[in-house]
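Read through the structure below, which is laid out as structure tokens, and then see the notes.
The structure presented is a predicted model; accordingly, all values stated were derived computationally and were not measured.
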Amino acid sequence: MKAKKLGALLLTASLAAGMLTGCGGKDDAKDSANTNTDAGTGTDDSGDGGNNGEVTELTFYNADLTEDDPWTDPVAQILTEKTGVKLKVDHPVGEDKQRISLMIAEQNFPDLIYAKGDAGSLIDAGVMIDMTELIEEYGPNIKKMYGEEFDKLKYSADDPAIYQLSSYQMGGTKFEDSGTAQVQFAVLKENDYKIPETLEEFEQMLKDYKEAHPTAEDGSETIGLTLSAADWHWMITLGNPAGYIAEGAPDNGQWLIDENYNATYKFTSDKIRSYFKWLNKLYNEGLLDPEFATQTHDDYIAKIASGRVLALFDTLWDYQDGEKILKSDGKLDKTYCGLPLTADKDTKAPSLMYQGLATGQGVGITTACEDPVAAIKFLDYICSDEGQVLVNWGIEGTNYEIDENGHRYRTEEEIKKESEDKNYKKTTGVGFHNYPFPNYGTGVTDSTGSTFSTDSKESVISEYNEEQQAACKAWGVELLVDIFPQPSEFETPAFPPTWAYSMPTDFVEISNKLDEIAQASLIGCVIGSEADFDSSYDKMISDLEGSDMNDAAQILTDMVKGKVALTQ
């Protein structure tokens with residue numbers, strides 16, 4: 001409580017300083033926010049901060065950035081031109097997992113911060129300012145973006161402050177998705193494009209293809225299925241698919257949430273247990289890569305790039321570097337088609353389900369910021385129509401064009417660059433600055449009817465390669481995701497997805513312990529003998545129960561119910 005009171009005092013001082021030294025006063029901000037601009041977006045409250053040519057440098061720590069951002073790319077330069085703000089970007093280096101703790105210990109904070117899952121410790125320490133009043137004064141585009149889901153930005157029913165703007169997409173419709181499983185187009189073709197409806201059908205499809213094609217073009221052995229489970233990627237390839245495939249559950253991290261908002265650590269589920277027993281069978285039969293638990297993620301990507309891996313349980317952002325190499329080598333049939341795979345015909349893949357605005361992880365302003373007005377104006381510009389077009393599409397005439405109907409489009413040359421060049425985002429700035437800042441979801445349109453993201457239904461269809469086109473033709477659909485259960489088949493939950501919450505320290509400590517047990521134990525269960533599986537799984541559950549699992553479940557249950565109360 002003392003830390004929060006100190007933070008409030010610092011905030012009062014910093015707001016006062018910001019109102020004196022920020023980019024224009026209150027009236028200037030209103031005038032600027034109501035100025036119509038024309039950047040191929042139609043009428044737009046740009047909220048450009050009233051930039052008078054002076055540049056304010058703000059420090060920004062991005063916990064999810066893995067490479068330097070010198071803020072010199074063309075999009076970054078225009079962001080500075082429009083807002084008067086230049087970011088000095090910092091990020092973790094190597095296995096730097098204690099950076100936030102060090103900041104708190106040294107009381108040394110950046111102006112803006114994306115702390116990812118460590119935001120809770122900053123909030124507890126009184127480091128994050130409540131942006132509610134700033135948004136009310138200087139954030140018309142922020143309020144417009146979040147609309148009816150604005151209240152979900154509030155921290156809790158007991159503390160309704162807005163400490164962060166969500167880093168995840170607001171609204172939208174998915175025209176693309178990697179599904180719950182990914183299979184090479186070559187495998188699909190040989191299976192006459194039959195969509196597997198059970199794990200057994202999926203398994204047989206891989207076995208049949210592997211038997212017919214025991215080696216890849218380079219003579220290496222064909223791999224039926226591989227995963228990346230040696231480090232944190234285990235959550236993406238080993239943990240998450242279990243919930244999607246076995247339970248048909250949406251992404252709530254390592255937890256299942258029932259209709260009464262009660263949380264359960266998902267690896268105690270009987271259905272998920274059966275899923276891992278199936279993986280154990282695949283491992284012992286040689287269909288699951290024997291190196292799945294020990295290979296580095298670079299090894300994993302290299303195997304994908306070789307074209308020898310028939311199937312994955314992953315998500316596009318995690319494996320796309322390997323797929324880009326396949327595309328550049330012209331091996332389109334070795335790239336992957338997302339499938340709505342589930343354990344049985346009665347379970348619906350939740351891939352297209354809209355879970356509502358994900359909150360708890362996002363960009364916020366710290367008490368160290370001497371100009372919070374400049375900071376909020378910068379964030380508001382990114383939320384504006386003009387800002388969204390800039391960060392997602394880039395520069396008109398360079399990265400995109402406007403057609404005769406006033407809609408944005410990319411040339412085939414630009415699409416090819418983005419598809420094949422791993423450094424495209426960093427060098428052009430296109431798509432490099434939309435995350436972790438606020439952004440509209442796929443399919444959301446501006447006043448011209450153009451989508452804010454480069455992915456519209458029409459653009460996705462027009463950019464399909466020959467393998468994707470052939471699959472759509474075989475299935476009689478326009479989009480590959482038309483074979484998935486559609487969004488209308490699901491209700492949007494009353495609470496944000498739990499993986500994004502800013503968790504209290506006691507919960508984090510318990511869940512980290514649970515995840516350590518789960519990672520090692522699940523791998524052990526999969527690579528053990530089939531005869532030992534049940535006893536190994538029973539021991540894992542016993543170890544989880546002995547590590548305060550039920551206490552963590554109660555904490556999360558209370559948090560979920562609190563989130564529901566915010567919007568009722």
Side-chain angles (χ1 to χ4, degrees), residues 1-4 6-7 10 58-71 87-129 155 163-168 228-236 238-240 253-255 265 296-298 317-318 358-369 375 435-437 498-520 544 547-549 551-552 555-556 559:
M1 291 298 294
K2 289 182 179 179
K4 286 195 175 184
L6 174 61
L10 291 172
L58 298 177
T59 53
F60 172 50
Y61 177 76
N62 182 351
D64 237 7
L65 193 65
T66 57
E67 54 188 335
D68 290 338
D69 177 5
W71 204 254
L87 296 188
K88 183 178 181 182
V89 184
D90 189 16
H91 63 87
V93 178
E95 293 297 315
D96 184 4
K97 296 180 179 179
Q98 305 300 322
R99 193 68 171 277
I100 302 300
S101 298
L102 186 61
M103 287 181 188
I104 295 172
E106 296 180 347
Q107 290 292 291
N108 183 19
F109 308 104
D111 299 307
L112 290 163
I113 190 166
Y114 172 62
K116 202 173 182 179
D118 291 323
S121 58
L122 291 171
I123 293 169
D124 289 344
V127 174
M128 307 297 288
I129 72 169
Y155 187 57
Y163 295 116
Q164 302 173 100
L165 301 182
S166 175
S167 293
Y168 299 98
S228 178
D231 56 18
W232 64 268
H233 292 90
W234 81 271
M235 296 183 182
I236 312 302
L238 188 65
N240 286 352
Q254 306 292 54
W255 300 84
Y265 195 63
T296 66
H297 196 66
D298 287 341
W317 60 261
D318 196 44
T359 60
Q361 295 186 15
V363 175
I365 306 171
T366 76
T367 53
C369 182
Y435 175 86
F437 298 109
T498 64
W499 55 260
Y501 290 8
S502 297
M503 298 297 190
T505 303
D506 50 350
F507 179 89
V508 172
E509 290 175 351
I510 297 172
S511 63
N512 286 343
K513 186 164 49 176
L514 296 177
D515 290 348
E516 287 177 8
I517 293 170
Q519 180 185 12
L544 293 171
S547 300
D548 302 318
M549 178 182 70
D551 291 343
I555 292 171
L556 184 56
M559 289 186 70

What heavy-atom pair brings [X] and [Y] nearest, and what distance separates the two atoms?
{"X": "A63", "Y": "K116", "answer": "CB-CB, 4.1 Å"}
{"X": "M128", "Y": "G364", "answer": "CE-CA, 3.6 Å"}
{"X": "A375", "Y": "L112", "answer": "CB-CD2, 4.0 Å"}
{"X": "A368", "Y": "P110", "answer": "CB-O, 4.1 Å"}
{"X": "I104", "Y": "S121", "answer": "CD1-O, 3.7 Å"}
{"X": "V363", "Y": "P436", "answer": "CG2-O, 3.4 Å"}

Is a side-chain donor-acceptor pair under 3.5 Å present for Y265 with D515?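 A donor-acceptor contact under 3.5 Å links the two side chains.
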
Between H91 and D68, a side-chain donor and acceptor under 3.5 Å: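 Looking only at side-chain atoms, D68 and H91 do form a donor-acceptor pair, the distance falling under 3.5 Å.
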
Once you measure the plane-to-plane angle for F507 and W255, does it fall in the parallel (<30°), tilted (30-60°) or perpendicular (>60°) bin?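 Answer is tilted, since the angle falls between 30° and 60°.
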
Once the angle between the rings of H297 and H233 is folded into 0 to 90°, is it parallel (under 30°), tilted (30 to 60°) or perpendicular (over 60°)?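 The arrangement is parallel - the two ring planes meet at less than 30°.
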
Any chance you could measure [X], atom [atom1], to [Y], atom [atom2], to the nearest 0.5 Å?
{"X": "D548", "Y": "S511", "atom1": "CG", "atom2": "OG", "answer": "11.5 Å"}
{"X": "Y435", "Y": "W317", "atom1": "OH", "atom2": "CH2", "answer": "9.0 Å"}
{"X": "S167", "Y": "D64", "atom1": "OG", "atom2": "CG", "answer": "8.5 Å"}
{"X": "Q107", "Y": "T367", "atom1": "CD", "atom2": "OG1", "answer": "7.5 Å"}
{"X": "D551", "Y": "I510", "atom1": "CG", "atom2": "CD1", "answer": "5.5 Å"}
{"X": "N108", "Y": "T366", "atom1": "CG", "atom2": "OG1", "answer": "9.5 Å"}

Do the side chains of [Y] and [X] get nearer than 4.5 Å, heavy atoms only?
{"X": "Y163", "Y": "L122", "value": "no"}
{"X": "L556", "Y": "M503", "value": "yes"}
{"X": "S547", "Y": "I517", "value": "yes"}
{"X": "Y114", "Y": "Q361", "value": "yes"}
{"X": "I113", "Y": "I100", "value": "yes"}

Donor-acceptor contact below 3.5 Å, side chain D111 vs main chain T59: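 At least one qualifying donor-acceptor pair exists.
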
Side-chain (S166) to main-chain (A358) donor-acceptor, under 3.5 angstrom: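 Between the backbone of A358 and the side chain of S166 there is a qualifying donor-acceptor contact (under 3.5 Å).
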
Should the heavy atoms of other residues, nucleotides or ligands under 6.0 Å from NZ of K513 be counted, would the total exceed 12?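 Counting other residues, nucleotides and ligands, NZ of K513 exceeds 12 neighbours.
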
For F60 and W71, I'd like to know if the aromatic rings sit close, meaning centre-to-centre distance below 6.0 Å.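 No, too far apart.
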
